[in-house]
Amino acid sequence: MSQKNKRAIVTGGTRGIGRAIVKELAAKSCCGVLFSDVAFIYNSCDECAEELQKEIGSPATKIYAFKADASSLEQAQATVADAVEKLGGVDILINNAGITRDNLLLRMSEKDFDDVVSTNLKSVFNYTKAVLKPMMAQRYGRIVNITSVVGLIGNAGQSNYSASKAGVIGFTKSMARELASRNITVNAVAPGFIETEMTAKLNEAQREALLRNVPMARMGKPEDIARVVAFLCSEDADYITGQVIAVDGGMTMC
């Protein structure tokens, strides 16, 4: 398949890492290197979606926005069907949708646990299932799931988030085994501490405490994640599947 002929769907595309991924894929498209058109899924902030479309859309790069609850299989199937119709197919899926509801387990509500698992883990099932038929029919696909370093090492106060992200890793490896014979690769990227709206809420003492565990002694940027995602979707990564790539400044090195 030509590198200039790929169509991507990105969930959770309006903020932070998701936004950077959409922009990275669109930038590669403008250069005629990797992709053609991009569709992103979002669940809130219509203004953010419109702004993103205006910022990166061009005659050469069509950007489509679809509003949906990623934790709903029915909505995932409907939005993928709409996106495939607009894009003319789908070659790449980036599962990025995610939320946090942090608390110590003693104080965590059942709803906070269920909401995080539904959004962060079930959404990966929903959208992966929705793209499988077109990808399998064309015998080509690239799926990249955004997990987290806390899915690898855990984190106090994030049992729900850690469990959901660890589940994404297990799901990634299982799908890689199921789909390899159809030329569909499935990989995961595990961000460390990244400069986003979430980490912007930390005070100086909290930031310093976090950075003590990062050998590079700084937070990463959403663009650091987006570039690795784009690589995994490129032909340079055709023989990579079932892998978890930590982009974390050395935080989880063995």
Side-chain angles (χ1 to χ4, degrees), residues 3-72 75-100 119-120 123-124 126-128 130-131 142-148 189 191 193-201 219-234 247:
Q3 282 205 352
K4 299 180 181 179
N5 194 35
K6 296 180 183 177
R7 300 143 299 185
I9 296 174
V10 182
T11 71
T14 55
R15 292 189 174 97
I17 291 171
R19 182 185 181 90
I21 291 170
V22 172
K23 292 178 71 173
E24 179 72 11
L25 301 191
K28 289 291 191 293
S29 173
C30 291
C31 299
V33 178
L34 294 174
F35 310 101
S36 53
D37 300 331
V38 182
F40 67 87
I41 317 299
Y42 71 103
N43 192 32
S44 60
C45 192
D46 295 332
E47 296 79 6
C48 299
E50 292 171 6
E51 178 189 342
L52 183 57
Q53 284 182 288
K54 290 178 182 177
E55 181 180 350
I56 61 178
S58 72
T61 307
K62 295 181 177 62
I63 308 296
Y64 301 101
F66 298 93
K67 190 171 186 177
D69 177 0
S71 68
S72 164
Q75 291 188 40
Q77 291 173 328
T79 51
V80 166
D82 289 344
V84 167
E85 182 179 359
K86 291 283 189 181
L87 295 168
V90 58
D91 308 298
I92 293 160
L93 170 66
I94 313 300
N95 282 307
N96 172 71
I99 61 171
T100 57
T119 300
N120 298 4
S123 67
V124 178
N126 291 342
Y127 277 90
T128 302
V131 302
R142 299 291 176 261
I143 299 172
V144 181
N145 301 322
I146 306 302
T147 180
S148 169
V189 175
F193 296 122
I194 306 298
E195 294 281 6
T196 63
E197 291 180 11
M198 191 184 307
T199 55
K201 298 175 183 177
M219 288 191 177
K221 298 182 181 301
E223 292 76 16
D224 294 324
I225 310 303
R227 286 190 288 268
V228 175
V229 169
F231 164 72
L232 289 171
C233 296
S234 75
V247 185

So, taking the atom named [atom1] in [X] and the one named [atom2] in [Y], what distance separates them when rounded to the nearest 0.5 Å?
{"X": "L232", "Y": "S234", "atom1": "CG", "atom2": "OG", "result": "7.5 Å"}
{"X": "I146", "Y": "I17", "atom1": "CD1", "atom2": "CD1", "result": "6.5 Å"}
{"X": "I41", "Y": "I94", "atom1": "CD1", "atom2": "CD1", "result": "12.0 Å"}

Please list, chain by chain and in numerical order, all residues satisfying side chain to side chain donor-acceptor pair (under 3.5 Å) with T147, sequence neighbours excluded. none
[X] to [Y] - nearest heavy-atom pair and separation:
{"X": "C233", "Y": "V144", "result": "SG-CG2, 3.9 Å"}
{"X": "L25", "Y": "A8", "result": "CD1-CB, 3.6 Å"}
{"X": "A26", "Y": "I56", "result": "CB-CD1, 3.9 Å"}
{"X": "S71", "Y": "S123", "result": "N-CB, 4.4 Å"}
{"X": "N126", "Y": "A76", "result": "CB-CB, 3.7 Å"}
{"X": "A39", "Y": "F66", "result": "CB-CE1, 3.8 Å"}

Would the number of heavy atoms belonging to other residues, nucleotides or ligands and lying under 6.0 Å from NZ of K86 be above 12? no
Output all residues satisfying side-chain contact (heavy atoms from CB on, under 4.5 Å) with S148, sequence neighbours left out; order by chain, then residue number.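 S148 satisfies side-chain contact (heavy atoms from CB on, under 4.5 Å) with V150, Y161, K165 once adjacent residues are dropped.
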Does any part of the side chain of [Y], heavy atoms only, come nearer than 4.5 Å to the side chain of [X], both counted from C-beta?
{"X": "L87", "Y": "I9", "result": "yes"}
{"X": "V229", "Y": "N96", "result": "no"}
{"X": "E51", "Y": "T14", "result": "no"}
{"X": "T79", "Y": "Y127", "result": "yes"}
{"X": "R227", "Y": "D224", "result": "yes"}
{"X": "N95", "Y": "T128", "result": "yes"}

Verdict with supporting geometry, L93 and V80, side-chain contact (heavy atoms from CB on, under 4.5 Å): CA-CA 10 Å; L93 170 66; V80 166; 6.0 Å; no
By salt bridge (Lys or Arg N to Asp or Glu O under 4.0 Å), which residues pair with [X], not counting sequence neighbours?
{"X": "R142", "value": "D238"}
{"X": "E223", "value": "none"}
{"X": "D82", "value": "none"}
{"X": "E50", "value": "none"}

From the options R19, R15, K67, select the one residue that forms a side-chain contact (heavy atoms from CB on, under 4.5 Å) with Y42.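 Of the listed options, the one satisfying the test is K67.
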Any donor-acceptor N/O pair, Q75 side chain to D69 backbone, under 3.5 Å: yes
Is there a salt bridge (Lys or Arg N to Asp or Glu O under 4.0 Å) between D37 and R7 once you walk through the steps? CA-CA 5 Å; D37 300 331; R7 300 143 299 185; over 6 Å; no
